[in-house]
Amino acid sequence: MRTFERMERGGGDTWFAVADPATGETCGEAPDMRPDELDAVIGRAHRAWPGWRADAAARTRALLGAADAVEGAGDELARLLTREQGKPLAESYAEVARTAARLRYFAELAPRTRRISDGRPVRSEVRWRPVGPVAAIVPWNFPLQLAAAKFAPALAAGNTMVLKPSPYTPLATRLLGSVLAAALPEDVLSVVTGREPLGARLASHPGIRHVTFTGSVPTGRAVAAGAAASLARVTLELGGNDAAVLLDDVDVEAVADRLFWAAFRNCGQVCMAVKRVYAPARLHAEVVEALAQRAKSVTVGSGLDPDTRIGPVNNAPQLARVTELTERALADGARAAAGGHRLDGPGHFFAPTVLTDVPPGSAVVREEQFGPVLPVLPYGSVDEAVDAANGTGFGLGGSVWGTDPDRAEVVADRLECGTAWINHHAELSLAQPFAGTKDSGLGVAGGPWGLYGNLRPFVVHRPEGP
């Protein structure tokens, strides 16, 4: 297999630099695709589609072989991912493993033909057909894992795919495309890279029949508007502002580690991370102190350093946003029990931050900060906590923490979100649906739901008998 550094410098005349967020220095380049090149890629995806959709058994074999190929390239993929994204190397290895696991899971799934009986002397069968070439637009926080969450079900369903990573993290995805090319038929999966307006052109291209996007709410709305021009279906995962509600019987020390990492894994750059904590007033100070101790003691640094647990913020604009939200909160009267500032030196490092005395209307509470900053707010009653948890435009996930899981589940059932966890957070099975409510998106990913989202029903209706 070719390494990224040995891949041909093809795909256009213009290239753009990619920065290592731990140093700020250039760690690679990627091609900036032209509109005519995108047209050609989508045309090839159309030509590859009939052969790919025709043989389900061959698709299964190819996807299982692709999973093997990803595992075989694990070291190279993980190291390149850490260089461009910043996360600790152990997390990059876990992301590569998850990528291979998704391929294996969806390779074994197949849609079921359903017979409809309604008392008439007819036979009606609902069968399933792929929709055609699919576009996937992937963000920079989990480039490989989120790409696989899109291409694994789409390819298993018999579609071809054009995959566009974020311009902040195109390198490992390009390498992944090279790895998969050895296992898949030509043009079944194509990776395109470039700065805007490449994503807008891909989402609105008349040759694309389904657009799946993960990213911000404003960009998601733009993607949906672009796809509407050709009536392509859309699947949108638009982030979250997940709340963790701690009940008055919670054992703070017992849950503090889990709660901390539910908020700070991948430097807080997780759509379904805990981004707000609501604690009973009598336990609030204890919760703040437990989380602040962990924030002060955790090792922050380059993801390539084996001692690092939290890496840098991925890019300069996101670092600026995290800094602004924190400074605005502090100016409004919040206090940093830990962190609250950028770290000195090169790279995009921000100290793991726990905020207390935060005004409930502060932007750091209402908006998705997507970084290593966690506000902890007191509440007086469970009703008050639930109302606050539901009081934003987001509805991706939420969690309830306490020693009585039955009681916690009753409270969790009141959360307005797609997934509610009890005494943990942001843990998903490949077999379960993943979706949000309100501004957190449209459509469903994961499990059989993710497969059927890439198919359309086809009904065969005939009389019984000759």
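As the structure is a computational prediction, the values presented were derived from the model and not from experiment. Numbers for residues simply follow the sequence, beginning at 1.
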query: For E71 and R104, what are the C-alpha separation, side-chain angles and deciding distance, and is it a salt bridge (Lys or Arg N to Asp or Glu O under 4.0 Å)?
result: CA-CA 11 Å; E71 288 180 337; R104 288 204 176 91; 2.9 Å; yes
- line: Smallest heavy-atom separation, P312 atom then P21 atom, equals CB-O, 3.6 Å
Side-chain donor or acceptor of D242 paired with backbone N/O of G397 under 3.5 Å: yes
query: Looking at side-chain heavy atoms only, is the closest gap between L155 and F106 below 4.5 Å?
result: no
- prompt: Side chains of S124 and V460: does their closest heavy-atom pair fall under 4.5 Å?
  reply: no
message: Using side-chain hydrogen bond (donor to acceptor under 3.5 Å, both in side chains), reason through H205 and S230 one step at a time and then give a plain yes or no.
response: CA-CA 8 Å; H205 198 285; S230 59; over 6 Å; no
query: Under 4.0 Å between a Lys/Arg side-chain N and an Asp/Glu carboxylate O for R115 and E464?
result: yes
- request: Flag yes if more than 12 heavy atoms outside E125 fall under 6.0 Å of its CD atom; otherwise flag no.
  value: yes
field: T160 side chain vs A45 backbone, donor-acceptor pair below 3.5 Å
entry: yes
task: Report yes if the side chains of C271 and E237 come closer than 4.5 Å at any heavy-atom pair, otherwise no.
output: yes
- prompt: Considering all heavy atoms of both residues, which atom of V354 and which atom of A295 are nearest to each other, and what is their separation?
  reply: CG2-CB, 4.1 Å
Distance, nearest 0.5 Å, that separates OG1 of T169 from CG of L81: 8.0 Å
field: Verdict with supporting geometry, T212 and K150, side-chain hydrogen bond (donor to acceptor under 3.5 Å, both in side chains)
entry: CA-CA 7 Å; T212 173; K150 300 178 186 304; 3.0 Å; yes
- prompt: Could you walk me through whether T235 and V444 pass the side chain to side chain contact (heavy atoms under 4.5 Å, CB included) check?
  reply: CA-CA 7 Å; T235 301; V444 183; over 6 Å; no
field: Trace of the side chain to side chain contact (heavy atoms under 4.5 Å, CB included) decision for T353 with H341
entry: CA-CA 8 Å; T353 297; H341 55 85; over 6 Å; no
Salt-bridge criterion met for D439 and R221 (N-O under 4.0 Å): yes
- request: State the CZ-CZ distance between R276 and R366, to the nearest 0.5 angstrom.
  value: 11.5 Å
- prompt: Is there side-chain contact between L396 and C417, with at least one heavy-atom pair below 4.5 Å?
  reply: no
- request: Would you check if the side chain of E91 reaches a backbone N or O of A94 as a donor-acceptor pair within less than 3.5 Å?
  value: no
Atom pair CD1 (I422) and CD (E409), whose distance is rounded to the nearest 0.5 Å: 5.5 Å
field: No-hydrogen, no-angle side-chain donor-acceptor test under 3.5 Å, T219 and S216
entry: yes
message: So V300 and V298, do their side chains get closer than 4.5 Å, heavy atoms only?
response: yes
- request: Taking the side chain as every heavy atom from C-beta outward, state whether D32 and T193 have any atom pair closer than 4.5 Å.
  value: no
query: Checking salt bridge (Lys or Arg N to Asp or Glu O under 4.0 Å) for the pair E29/R174: CA distance, chi angles, key distance, verdict?
result: CA-CA 11 Å; E29 293 181 312; R174 288 194 72 220; over 6 Å; no
- prompt: Could you state the interatomic distance from CD (Q85) to OG1 (T173), rounded to the nearest 0.5 Å?
  reply: 10.5 Å
Backbone N/O of W52 and side chain of R59: donor-acceptor pair under 3.5 Å: yes
message: Is it the case that the side chain of N241 and the backbone of V365 share a donor-acceptor pair, with hydrogens and angles ignored and the cut-off at 3.5 Å?
response: yes
Full working for salt bridge (Lys or Arg N to Asp or Glu O under 4.0 Å) between E95 and R98: CA-CA 5 Å; E95 185 166 341; R98 190 78 165 180; over 6 Å; no
- prompt: Mind checking whether T214 and I137 have side chains closer than 4.5 Å, heavy atoms only?
  reply: no
Sidechain-backbone polar pair: S429 side chain, A431 backbone, donor-acceptor under 3.5 Å: yes
- prompt: Between the side chain of E324 and the main-chain N/O of R328, is any donor-acceptor distance below 3.5 Å?
  reply: no
message: If we count only N and O atoms by modelled type, under 3.5 Å, do the side chains of T82 and S92 hold a donor and an acceptor together?
response: yes
- line: Closest non-hydrogen contact found for Q369 with V364 is OE1-O, 3.8 Å
- prompt: Looking at E416 and K438, does any basic side-chain N land under 4.0 Å from a carboxylate oxygen?
  reply: yes
message: Return the OG to CG distance between S302 and D20, rounded to the nearest 0.5 Å.
response: 6.5 Å
query: Atom CZ of R258 and atom CG of N423: how far apart are they, to the nearest 0.5 Å?
result: 6.0 Å
field: Worked verdict on V313 versus Q269 for side chain to side chain contact (heavy atoms under 4.5 Å, CB included)
entry: CA-CA 8 Å; V313 176; Q269 299 166 130; 3.5 Å; yes
field: cation_pi(R294, F260) dist<6.0 Å, angle<=45
entry: no
- prompt: So with a 6.0 Å cut-off around CG of D118, is the heavy-atom count from everything else above 12?
  reply: yes
- request: May I ask you to establish whether K275 and F394 are in a cation-pi arrangement, using a distance under 6.0 Å from NZ or CZ to the six-membered ring centre and at most 45° from the ring axis?
  value: no
query: Closest heavy-atom contact between W401 and H424?
result: CH2-CA, 3.6 Å
task: Run the numbers on R456 and R233 for side chain to side chain contact (heavy atoms under 4.5 Å, CB included), then give the verdict.
output: CA-CA 11 Å; R456 62 178 179 85; R233 68 171 67 176; 3.9 Å; yes
- prompt: Hey, is the main chain of A148 close enough, under 3.5 Å, to the side chain of T99 for a donor-acceptor pair?
  reply: no
task: Tell me whether the centres of the aromatic rings in Y452 and W128 are closer together than 6.0 Å.
output: yes
task: Describe, in one word, how the ring planes of W421 and H425 are oriented to each other, choosing from parallel (under 30°), tilted (30 to 60°) and perpendicular (over 60°).
output: tilted
- request: Mind listing the closest non-hydrogen atom pair of V274 and S399 along with its distance?
  value: CG2-OG, 4.4 Å
statement: On a heavy-atom basis, the closest approach of S440 and G239 is OG-O, 2.8 Å
- prompt: Are the side chain of N390 and the backbone of R414 linked by a donor-acceptor contact shorter than 3.5 Å?
  reply: yes
task: Evaluate whether atom CD of E427 has more than 12 neighbouring non-hydrogen atoms of other residues, nucleotides or ligands under 6.0 angstrom away.
output: yes
Any side-chain heavy-atom pair of C27 and L171 under 4.5 Å: yes
- request: Compute both the distance and the angle, then confirm whether R53 meets the cation-pi test with W49: under 6.0 Å from the six-membered ring centre, within 45 degrees of the axis.
  value: yes
task: State whether the side chain of N315 and the backbone N or O of Y168 hold a donor-acceptor pair below 3.5 Å, judged by distance alone.
output: no
